[in-house]
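Each remark here refers to the structure printed beneath this line.
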Protein chains: 2
Amino acid sequence: MIRNAKRAPAASLHQRILSDLEHRIVSGQWPPGHRLPFEVDLAESYKVSRMTVNKVLTQMAGAGLIERRRKLGSFVAQPQAQSAILEIHDIETEVRSLNLAYDYRLLEQAKRMASADDIANFGLARKAGVLASRSLHLAGGVPFCLEDRLINLAVVPQAADADFSQTPPGTWLTRQVPWSTAEHTIRAIAADPALARALSIPKHAPCLVVQRRTWNGEGPVTFARFSYPADKHVVVARFTPASST
Amino acid sequence: MIRNAKRAPAASLHQRILSDLEHRIVSGQWPPGHRLPFEVDLAESYKVSRMTVNKVLTQMAGAGLIERRRKLGSFVAQPQAQSAILEIHDIETEVRSLNLAYDYRLLEQAKRMASADDIANFGLARKAGVLASRSLHLAGGVPFCLEDRLINLAVVPQAADADFSQTPPGTWLTRQVPWSTAEHTIRAIAADPALARALSIPKHAPCLVVQRRTWNGEGPVTFARFSYPADKHVVVARFTPASST
DNA sequence: GAGTGGTCTAGACCACTCG
DNA sequence: GAGTGGTCTAGACCACTCG
């Protein structure tokens, strides 16, 4: 019954089947709630083994395009949340991709015990030792982003001896702790006097603030707050159904 | 050589292998650039078939945790961009999840030809007919978000007869065009007089603006701009290596 | 040439879940 | 009980890419 696999020619069978099924869903031909043919029937229609069809359907289920239920079959999902992929780059990379000269200045770096504020922001255990830093990223000689950062010395003890005067803490940390789990929050604020001074913008000027909390298997690694003048930064996120390709 | 698969007990072989390999990478035991054992060796170590290992490695490659090269093997990737998943919900859902009463008011709805501004924002073909609307979402009786929207009548002709006085255009559109590709941008701005009036906030107060452009196989579907008072909205995005689970 | 990943098959057994 | 998806296997052939 499934004919007309007239999607763009794909390298492999399962890619061809994936784009074919995707097209039927995205085009509305198979609306939310529609039951897809069973695996065995799809396998027969496409003249492939059940494994190949299963691979495709498993991928589509992972991407949230369909929902699968034993005995009942596979159904086109109700699109609930738009789930978009946000790519958060290194600030130096970001500045250079704007074709601007990148510069960096360390403003403060100090070891201390976590304050009540730190604990609340960071989700730290009480009384943890942290390395706090504040630094300024410049693009084309103009303040681009103020970075406030805490590093958990319990998880990254080697940070105690790190020197961020040349290397930004984010770059240094990526080398020490390459992979981790993170949560980002993005909000707008009016610049308080200290922030306005640091970024050379008027008091109460709007700023975009991106905060990142990062965990490890061993606990909280770092908390970073990036404050951008409103005209300097836009966060972009893209979404394509079923990811990939 | 791969022993000590002491990760949390997982339902299936490939899940167990996935979390084991993930752990080695995330913990730093296998740093970026490290070559993973070859598929045949992993299969032998874990006492599974090569297909099972291949499934795991394919998934990890898709998630960006490793890079695979024929003849050379699989390598732990250099973490380049933090890639986070952003879930963008319906505004009504969002308001209700804050335990606030949701209300909605249509302010304007008009059919017209796309202006130069529209064309630039939307990526429209020249002279397309659009349905423009402006509406206000309220939470607990207080302005929560101003929505400015354009719908491309060439792609969604049935919008010409739609009535957004009861149903917000986003909700209506999701029913008509359930799946599509989208691009989001998030920025901070100072409220201009019209926005300040609509949201009942002071002039120049900071606002978070989320813009969404949506495409279909047939072309641009809709352009939406959501403007939130800075204190009303935070965008949250989460990231876990290798997606899933 | 040789070794890797990329893909696919035909078959199997099971868990789940419906009626 | 029966039919679905979930998973796994052992084997196969190929494309790619290194030396």
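Residue numbers begin at 1 in each chain, while the letters A, B, ... track the order of the sequences.
The number of heavy atoms from other shown groups lying within 6.0 Å of CD (Glu92(B)) is above 12. A 6.0 Å sphere centred on CD of Gln166(A) holds no more than 12 heavy atoms belonging to other residues, nucleotides or ligands.
Arg68(A) has a side-chain polar atom (N or O) that falls below the 4.0 Å cut-off from OP1 or OP2 of dG6(D). Listed pair Arg35(B) / dT4(C) fails the phosphate criterion, with no side-chain N or O lying under 4.0 Å from OP1 or OP2.
Separating the CZ atom of Arg69(A) from the P atom of dG6(D) is a distance of 12 Å, rounded to the nearest angstrom. Residue Lys71(A) contributes atom NZ, which lies 12 Å from atom C1' of dG5(D) at whole-angstrom precision. Atom CG in Leu36(A) sits about 14 Å away from atom C1' in dT4(D), given to the nearest Å. Taking atom CG of Leu72(A) as the reference point, atom C1' of dC18(C) lies 7 Å away to the nearest angstrom. When rounded to the nearest whole Å, the span between CG of Leu42(B) and P of dG3(C) equals 18 Å. Put simply, CZ on Phe38(B) is 16 Å from C1' on dG6(C), counting in whole angstrom units.
Residues Leu57(B) and Ile66(B) are in side-chain contact: their nearest non-hydrogen atoms beyond the backbone lie under 4.5 Å apart. Annotation: side chain of Asn152(A) is not in contact with side chain of Val221(A) (no heavy-atom distance under 4.5 Å). Here the side chains of Thr171(A) and Phe164(A) are not in contact, with every heavy-atom distance at 4.5 Å or above.
Counting only Watson-Crick and G-U wobble pairs whose two key distances fall under 3.5 Å, DNA chain C forms stems of three or more stacked pairs at C:1-18 with D:1-18.
Among dA2(D), dG5(D), dG5(C), the nucleotide with an atom closest to any side-chain atom of Ser74(B) is dG5(C).
The six-membered or imidazole ring of His137(B) lies away from that of Phe144(B), with a centre-to-centre distance of 6.0 Å or more.
When the nearest nucleotides of DNA chain C are assigned to Arg70(B) and Arg70(A) by heavy-atom distance, the more 5′-ward of the two goes with Arg70(B).
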Verdict with reasoning, Arg68(B) to Glu39(B), per salt bridge (Lys or Arg N to Asp or Glu O under 4.0 Å):
CA-CA 11 Å; Arg68(B) 316 196 71 195; Glu39(B) 287 192 354; 2.7 Å; yes
For nucleotides 7-12 of chain D, give me one character per nucleotide, 5' to 3': B if any protein heavy atom sits under 4.0 Å from the base, S if the only such contacts are to the sugar-phosphate, - if neither.
BBBBBB
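Salt bridge annotation for Arg16(B)-Asp20(B): absent, with no cationic side-chain nitrogen under 4.0 angstrom from a carboxylate oxygen.
Thr174(B) places a side-chain N or O within donor-acceptor distance of the main-chain N or O of Gly170(B), the cut-off being under 3.5 Å.
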